[in-house]
Amino acid sequence: MNAIELSHIHKSFGSFAIQDLNLTVPAGTICGLVGENGAGKSTTIRILMSALRPDSGTASVLGADVSSPAFRDVKEDIGVVLDEAYYPETLTAVQVGKVMAGTYRRWNPKQYEDFLQRFDLPEKKQFKDFSRGMKMKLAIAVAMSHEAKLLILDEATSGLDPIVRDEVLELFSDFTREEDHSILISSHILSDLEKLCDYIAFLHQGRLLFCDEKDQLLEKYGIFAGTLEQVESLRPEAVAGREASGYGGVRALVLRDEIPAGLTLERTSIEDIILFMVKGAK
Amino acid sequence: MKALIQKDVYVLWKQVRTFLLIIVIMTAVGGTFNNFFIVVWCSMMPYTALAYDERSHWGQLAAMMPYSRRDIVLSKYVLGWLCAGVAALICLVMQTAMSVVTKSPANMGLMAASFLMAVLALDVTIPLVLRFGVEKGRLGFMMIVFAAAIVGSVLLETTGEIQQVQGPIMAALPFAAVAATVVSVPLALKLYRVN
């Protein structure tokens, strides 16, 4: 079963539109959603959670059509962390726990308490006095305390210091040890996604440029460093993007299968692939 | 819905103490206007809760949780009814306590009318606030109060004595409150937009 299925989604806001978005996240996997600010990541998440109705196309999460009344029950199985949307500022962590106990049928107060201690979150301090990192930690604690099967995380690791970030990534990784547990995570910290994800989906200006297995992407592409003449001698289909590298040299993101054998390529990273593709698109 | 009301009570809790103090002082001073004002004023507390919701973008987060649209909208009405009802009760208790000194009995009719007026005020304003946000909604509320004051004074001028219209208005209030609620809740559901 797929945890998430988006099929031919269109959503227009006038100057910006999500166009023909097809995205599948198999159950038991972690998918990183990458894109510039305004690329459509948050819009995609809102469509997935039935908070926004698409103009056309279908969306299903954990096997349920998000536009069906039954999806409200499915939300019990989904933990969500949103960037810039929090609990009202006068609430404390304990009060948030009590409200969530009345919200989720499978709320686990012991687990929530453990998370508060693990993240060193004060129980009686008002939310308005929390740092951004603390707010994110509280949101993660809530998302992981009601026995969710799917986590949808929008910039959930931003604002966390590197040590806590590492701990949180470990938590997310442990979460998917259960074969029916899945994660969709959007982040600008591509190194986190490279560490964590099985799949990478790249949204650019409302269009999905690719959604592939991370390891396949890293095998598919390589970096060629050479002269401008050398890069221009390659078949145009082989070059996904290029940039000047100083001293007249050029670095190019190339498809390994499309270039002549014997050409030396550097190993690429997800960050390189994304950056070259954005530059290529521009 | 219980969780949403509980959340709003936590949000408003610090202000509740101030409200209680003001209620006690105003009812101690006495007067029809004071008692009426307190109840209608307390019914506006959902807007304070909504202002906090807007500031933290709670609506976006709530849309991700297993709350229905109906729960989110109806919880604001229920909170307003609860606030107005509790305020009316406190006023009654205070009036009863004060009657020992003033020798005038608690005015049940006034408090019932105040509560029903508060329900009407909520019915008119909640759809606006849920659509346009608290700031613009408040502006709409002021315009409605202004219009009501003009209509009231015109009515008084044409009928002469307030006692002449008091009876019919009191009799019509419960029906008006129920009818307005029946129209207002579905309208608010239709107009609700996450701000």
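In what follows, chains are A, B, ... by sequence order, proteins preceding strands, each numbered from 1. Owing to the predicted nature of the structure, the values given are computational and were not obtained by experimental measurement. Below, each value reflects all heavy atoms present in this structure, side chains not excepted, and no hydrogens, waters or symmetry copies.
Taking a 6.0 Å sphere around CG of A:Asp161, one finds it holds more than 12 heavy atoms contributed by other residues, nucleotides or ligands. Annotation: B:Arg70, atom CZ; neighbour count of heavy atoms from other residues, nucleotides and ligands within 6.0 Å does not exceed 12.
Contact annotation: the side chain of A:Tyr87 approaches that of B:Leu61 to within less than 4.5 Å [non-hydrogen atoms, C-beta and beyond]. With contacts defined as side-chain heavy-atom distances shorter than 4.5 Å, the pair A:Lys75/B:Met64 does not qualify. The closest side-chain heavy-atom distance from A:Tyr86 to B:Trp58 is not below 4.5 Å.
Note that the CZ atom of A:Arg72 and the CZ atom of B:Arg69 stand 13.0 Å from one another [nearest 0.5 Å].
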Residues 93-104 of chain A, side-chain donor-acceptor partners within the protein, below 3.5 Å, at least two apart:
unit_1   : atom_1 : unit_2  : atom_2 : d
A:Gln95  : OE1    : A:Thr92 : N      : 3.1
A:Thr103 : OG1    : A:Val99 : O      : 2.8
A:Thr103 : OG1    : B:Tyr67 : OH     : 2.6

Could you pull out all donor-acceptor pairs under 3.5 Å where a side-chain atom in residues 73-93 of chain B meets a protein atom, sequence neighbours excluded?
unit_1  : atom_1 : unit_2   : atom_2 : d
B:Ser75 : OG     : B:Asp71  : O      : 3.3
B:Ser75 : OG     : B:Ile72  : O      : 2.8
B:Lys76 : NZ     : B:Asp8   : OD1    : 3.2
B:Lys76 : NZ     : B:Asp8   : OD2    : 2.8
B:Lys76 : NZ     : B:Asp53  : OD2    : 3.0
B:Tyr77 : OH     : B:Ser184 : O      : 3.1
B:Tyr77 : OH     : B:Ser184 : OG     : 2.4

Return a table of donor-acceptor pairs under 3.5 angstrom between the side chains of residues 12-25 of chain B and protein atoms on other chains or two or more places apart.
unit_1  : atom_1 : unit_2  : atom_2 : d
B:Gln15 : NE2    : B:Tyr52 : OH     : 3.4

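Each of A:Val80, A:Leu82, A:Ile45 was checked for a side-chain contact (heavy atoms from CB on, under 4.5 Å) with B:Gln60, and the lone residue meeting it is A:Leu82.
A:Arg46 touches chain B through backbone and side chain together, each having a heavy atom under 4.5 Å away. Heavy-atom distances place both the backbone and the side chain of B:Lys7 under 4.5 Å from chain A.
Against chain B, the residues from residues 50-66 of chain A that qualify, each with a non-hydrogen atom under 4.5 angstrom away, are A:Ala51 in number order.
Most heavy-atom pairs under 4.5 Å with chain B, from the set A:Val81, A:Ile78, A:Thr90: that is A:Thr90. Ranked by heavy-atom pairs shorter than 4.5 Å toward chain B, the options A:Val74, A:Leu91, A:Asp73 are led by A:Leu91.
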